[in-house]
> 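Structure incoming, see below.
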Amino acid sequence: MDSDLLTKGFLDIPIDFSLDLFSEINKLKKEKNAIILAHYYQDADIQDIADYIGDSLGLSQEAARTDADIIVFAGVHFMAETAKILSPHKKVLLPDLNAGCSLADSCPADKFATFKKLHPDHLVISYINCTAELKTLTDIVCTSTNAVQIVESLPIDQKIIFAPDKNLGAYINKKTGRNMILWDGACMVHEIFSLEKITKLKNQHPNAKLLAHPECEANLLEIADYIGSTTGILKYSTQSPATEFIVATEAGIIHQMQKANPLKTFIPAPPNNSCACNDCPHMKLNTLEKLYNCLKYEQPEILLSEELIREAKKPIIRMLELSAQFGL
Ligand code: 13P
Ligand code: SF4
């Protein structure tokens with residue numbers, strides 16, 4: 001395949017618009033023994049064609065266990081990288097290589113290495129939303145599903161640096177009574193919610209439960225009825241007898257919430273700007289068209305050096321082992 005076609009980070013190849021992309025993608029998946037893993041923040045049509053939809057922990061577990069030859073990762077770069085690290089002999093594709101993450105970008109590995117040297121007696125726990133290079137400087141990776149349990153599994157006097165999300169870190173400190181040193185990073189989507197608008201919305205919908213992801217700021221978490229990962233938020237909304245929910249995370253999750261609970265009402269939490277949406281601009285770079293081209297031409301592919309895979313894998317495996325012990 002002509003590598004010039006990848007200069008934009010995705011295959012900008014025109015698609016015959018009379019094609020039924022759903023059936024074409026399904027055909028290609030069978031022919032190539034490929035699997036599509038999608039995060040809850042993807043567009044609804046991508047979620048609908050995926051073989052597995054999940055949160056960061058579920059997606060890594062699935063990437064480690066699949067026997068497919070090709071993994072098409074409908075998510076962002078650090079997620080596809082994690083899949084490659086866990087399944088290095090498989091071809092891992094990402095529909096748009098530009099699908100980054102503001103949180104991962106907020107913690108460059110070289111700056112973190114200097115910071116880490118200042119605290120030589122500290123263990124490093126990194127949120128999975130970070131680069132493979134940062135993972136090589138990490139002792140244990142975590143996700144929002146297992147972060148509290150991972151921290152609690154360590155001796156109370158263990159000194160810890162937590163990177164890169166200061167909001168998730170502060171939430172864990174509060175839950176566990178620890179005093180982890182926090183890297184000053186944040187997610188652009190979860191920091192943008194307006195406390196004032198959400199408070200007004202709660203007054204207008206007094207029976208609605210406010211569901212928040214722990215990447216949100218502390219003042220929002222304080223008024224939330226439930227705090228958890230995307231999978232946790234989805235489960236809570238299904239199990240709760242409440243019928244109205246204000247959702248303080250990326251709006252893509254509402255597709256699964258609505259599918260599982262057609263009679264319940266889900267209101268996206270309003271952001272602190274004039275836009276009414278809470279879309280992650282990185283996640284939303286993937287489209288069904290890019291996914292189709294990516295599977296058809298098997299590009300763009302995630303390629304990592306053997307050394308990077310070997311070193312970045314250790315803290316991820318530690319996380320998967322601990323999660324299995326916790327029954328997650
Ligand atoms: P989880 O799906 O693991 O809760 O993570 C949310 C997120 O921000 C992923 O980028
Ligand atoms: Fe990164 Fe936030 Fe987008 Fe998740 S929602 S990929 S943390 S920028």
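For ligands, and for the atoms within them, numbers begin at 1 and follow the listed sequence.
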> Could you tell me whether Asp48 and Lys259 make a salt bridge, using a distance below 4.0 angstrom between a side-chain N and a carboxylate O?
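Salt bridge present between Asp48 and Lys259.
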
> Which residue owns the protein heavy atom closest to atom 10 (O) of ligand 1, what's the atom, and how far is it?
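Among all protein heavy atoms, the one nearest atom 10 (O) of ligand 1 is Asn129 ND2, 3.3 Å.
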
> Under a 4.0 Å heavy-atom limit, does Glu250 contact ligand 1 with its side chain, its backbone, both, or neither?
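The answer is neither; Glu250 stays 4.0 Å or more away.
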
> Going by the order shown, which atoms of ligand 1 are within less than 4.0 Å of some heavy atom of Tyr127?
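Atoms satisfying the 4.0 Å criterion: 5 (O).
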
> Is Cys280 touching ligand 2 with its side chain, its backbone, both, or neither, if touching means heavy atoms under 4.0 Å apart?
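It is the side chain that touches ligand 2; the backbone stays farther off.
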
> Sub-3.5 Å donor-acceptor pair from the side chain of Lys29 to the main-chain atoms of Glu24, do we have one?
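No; judged by distance alone, with no hydrogens or angles, the pair does not exist.
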
> Out of all atoms in ligand 1, which are within 4.0 Å of some heavy atom of Ser144? Include the element for each.
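So the atoms of ligand 1 that pass are 1 (P), 3 (O), 4 (O).
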
> So is His282 touching ligand 2 or not, going by heavy atoms under 4.0 Å?
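It does; at least one heavy atom falls under 4.0 Å.
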
> Tell me, please: is Cys187 in heavy-atom contact with ligand 1, that is, under 4.0 Å?
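The answer is no: ligand 1 sits nowhere under 4.0 Å from a heavy atom of Cys187.
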
> Start with the C-alpha gap between Lys84 and Glu81, add the side-chain angles, then the distance that decides, and say whether salt bridge (charged side-chain N to carboxylate O under 4.0 Å, His left out) holds.
CA-CA 5 Å; Lys84 182 69 186 174; Glu81 229 176 30; over 6 Å; no

> Going by the atom numbers of ligand 1, which of them fall below 4.0 Å from some non-hydrogen atom of Met79?
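Here the atoms of ligand 1 in question are 9 (C), 10 (O).
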
> Does ligand 2 have an atom under 4.0 Å from some heavy atom of Glu215?
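Contact present.
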
> Return the residue, atom name and 0.1 Å-rounded distance of the protein heavy atom closest to atom 4 (O) of ligand 1.
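Answer, as residue, atom name and distance: His213 NE2, 2.7 Å.
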
> Can you tell me if Cys101 has an N, O or S atom under 2.8 Å away from atom 1 (Fe) of ligand 2?
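For Cys101, the answer is yes, given that an N, O or S atom comes within less than 2.8 Å of atom 1 (Fe) of ligand 2.
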
> Heavy atom under 4.0 Å from ligand 1: found in Thr230's side chain, backbone, both, or neither?
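For Thr230, backbone and side-chain atoms both sit under 4.0 Å from ligand 1.
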
> For ligand 1, is any non-hydrogen atom under 4.0 Å from Tyr41's backbone (N, CA, C, O), its side chain (CB onward), both, or neither?
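Within the 4.0 Å criterion, Tyr41 contacts ligand 1 through side-chain atoms alone.
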
> Apply salt bridge (charged side-chain N to carboxylate O under 4.0 Å, His left out) to Lys200 and Glu196, showing your working.
CA-CA 6 Å; Lys200 273 190 195 150; Glu196 193 187 326; 3.8 Å; yes

> Looking at atom 3 (O) of ligand 1, what's its closest protein heavy atom, distance included?
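For atom 3 (O) of ligand 1, the nearest protein heavy atom is Ser56 OG, 2.9 Å.
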
> Any side-chain heavy atom of Arg178 sitting closer than 4.5 Å to one from Ile172?
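The answer is no; the side chains never approach within 4.5 Å.
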
> I need the nearest protein heavy-atom contact for atom 7 (S) of ligand 2: residue, atom name and distance, please.
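Result: Asn129 ND2, 3.2 Å.
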
> Please confirm whether the backbone N or O of Met257 pairs with a side-chain atom of Asn261, one donor and one acceptor, at under 3.5 Å?
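Here the side-chain-to-backbone pair exists.
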
> Main chain of Gly252, side chain of Gln47: is a donor-acceptor contact present, judged purely on distance under 3.5 Å?
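Yes, because the side chain of Gln47 sits within donor-acceptor range (under 3.5 Å) of the backbone of Gly252.
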
> List ligand 1 atoms under 4.0 Å from Ser229, heavy atoms only on the residue side.
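In order of number, 4 (O).
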
> Show the atoms of ligand 2 that are less than 4.0 angstrom away from any heavy atom in Cys187.
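Answer, ordered by atom number: 2 (Fe), 5 (S), 7 (S), 8 (S).
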
> Among all protein heavy atoms, pick the one closest to atom 8 (O) of ligand 1 and tell me residue, atom and distance.
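Among all protein heavy atoms, the one nearest atom 8 (O) of ligand 1 is Glu215 OE2, 3.0 Å.
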
